Amino acid sequence: MEKSLTGGRFLLVTILNVVITIFELLGGLLSGSLSLLSDAFHNLGDALSVVMSYVAHRVGGRQQTRQNTFGYRRAEILVALLNAAVLILVSLLLAVEAVRRLLHPEPVKGDIMLLVAVVSFLANLFSTILLNHGAQHNLNIRATYLHLLSDALASVGVIIGAILITIWQISWVDPLITVLVALYIIYESWPIIKQTFDILMEGSPDLDYEAIAQDICQLPEVDGVHHLHAWLIDENNVVFSVHVNMENLPLSKIEPIYRQIEALLCRKYGVNHVTIQAECRRGKDESLFYDQNDWRHE
């Protein structure tokens, strides 16, 4: 865990979200504002999200074991996927309710709505600042950060709506803002869904594999590359395996070539973990990427 993301920060963010939730629930009931009520439930989800994010972050930092030789970093990916999926689901439900209120407007007390929204915005803004640094480097924290950021933006929308309602008594502004915020949240959450799903499905990272093969083949004693595999443990750690054709060399001469390949992959392509299998003629005519038909014909 990054030094700045201590348990104390996560605890403070959780407490803030619980307080905001209670405050907005009361404010929403007193003012009749759907956007405040929706933001209250959203904040409750955020509090749970922060707790899950912290637990997953701690679990993800555990050392590898015999049962989990790659460690536990996927715990954070699972929680990021869950957080983003819940965020999209809640946004869809709120959008449906907002449409219903657009068709059948209900009276809203703008002054109460404005006061609650301003306090909520300040609290949410402070929470996002606390998690801002970690969100740049960690999908799990980024998903939680988006929860908090979306609440801050929702509060801005509620403030604008409250001003319009107070001055011009335009009640339909309240559900309209709810719809706009819901759409924004879905737009921001979808890339996290896609990225976490790709990681869990062991999708390949975005690397130039043909260039990698060419770079490896340019090293001394290397005649070919095949059966290349690459996948992500999390959004930052790339695992790479490859079969390399070489001349019939003793192990003492092969190991320095291994180190050159590892250094090349780490320095130029950001690969963290490399497994290399040296072969003489076996597989020399096979494709760069694994094809099960290659094995059937051996």
Side-chain angles (χ1 to χ4, degrees), residues 56-57 59-65 67-85 88 134-143 145-146 187-219 222-246 254 257-279 282-298:
H57 209 56
V59 172
R62 291 180 180 177
Q63 294 296 315
Q64 298 92 327
T65 66
Q67 291 76 28
N68 295 84
T69 56
F70 278 110
Y72 295 84
R73 298 305 297 268
R74 287 284 175 88
E76 294 190 78
I77 302 302
L78 285 169
V79 170
L81 177 62
L82 178 62
N83 278 340
I88 289 177
Q136 300 171 21
H137 310 288
N138 186 291
L139 263 178
N140 174 40
I141 299 174
R142 193 182 311 160
Y145 171 80
L146 272 178
Y187 173 79
E188 289 292 332
S189 300
W190 181 249
I192 292 179
I193 293 284
K194 184 179 183 303
Q195 189 174 359
T196 54
F197 188 77
D198 286 345
I199 292 173
L200 293 173
M201 290 298 294
E202 297 194 342
S204 299
D206 186 17
L207 299 174
D208 189 341
Y209 297 102
E210 284 70 24
I212 290 175
Q214 290 177 7
D215 286 344
I216 294 176
C217 287
Q218 288 176 1
L219 295 174
V222 176
D223 294 330
V225 174
H226 61 280
H227 283 193
L228 183 154
H229 297 271
W231 65 100
L232 290 162
I233 297 299
D234 57 23
E235 73 274 25
N236 299 313
N237 292 291
V238 179
V239 178
F240 189 96
S241 69
V242 66
H243 293 206
V244 177
N245 294 108
M246 300 180 185
I254 290 177
I257 301 174
Y258 275 9
R259 287 195 290 270
Q260 291 180 58
I261 295 173
E262 291 170 351
L264 166 70
L265 292 171
C266 178
R267 182 183 65 254
K268 188 172 180 179
Y269 297 100
V271 175
N272 307 93
H273 182 89
V274 182
T275 301
I276 306 168
Q277 179 173 320
E279 297 173 331
R282 180 176 179 267
K284 191 170 183 179
D285 297 325
E286 294 175 4
S287 59
L288 179 60
F289 298 102
Y290 169 75
D291 185 346
Q292 61 181 356
N293 292 320
D294 292 338
W295 290 94
R296 290 172 181 171
H297 295 148
E298 290 183 355

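Remember, it's a predicted structure, so these values are computed and weren't measured experimentally.
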Would you please name every residue forming a side-chain contact (heavy atoms from CB on, under 4.5 Å) with Y258, sequence neighbours left out?
M246, I254, I276, A278
What closest approach, in Å, do T196 and I192 show between heavy atoms, and which atom pair accounts for it?
OG1-O, 2.7 Å
In chain order, what residues pass the side-chain contact (heavy atoms from CB on, under 4.5 Å) check against L200, with sequence neighbours excluded?
R74, I77, L78, L81
With sequence neighbours excluded, give me every salt bridge (charged side-chain N to carboxylate O under 4.0 Å, His left out) pair touching residues 191-205.
K194-D198
For the pair C266 and F240, evaluate side-chain contact (heavy atoms from CB on, under 4.5 Å) and give the outcome as yes or no after the intermediate values.
CA-CA 10 Å; C266 178; F240 189 96; over 6 Å; no
Rounded to the nearest 0.5 Å, what's the gap from NE2 on H243 to OG1 on T275? Could you check?
9.5 Å
Between CG of L264 and CG of L219, what distance do you get to the nearest 0.5 Å?
6.0 Å
Review item, side-chain donor-acceptor pairs of residues 205-217, under 3.5 Å, at least two apart:
unit_1	atom_1	unit_2	atom_2	d
D208	OD1	A211	N	3.1
Y209	OH	P205	O	2.6
D215	OD2	K268	NZ	2.9
D215	OD2	Y269	OH	2.5

Spacing of CD belonging to Q277 relative to NE2 belonging to H227, to within rounding of 0.5 Å
9.5 Å
Output, in order, the C-alpha distance, side-chain angles, deciding distance and verdict of side chain to side chain donor-acceptor pair (under 3.5 Å) for N237 and H273.
CA-CA 8 Å; N237 292 291; H273 182 89; over 6 Å; no
Closest non-hydrogen contact found for H226 with V242 is O-CG2, 3.7 Å
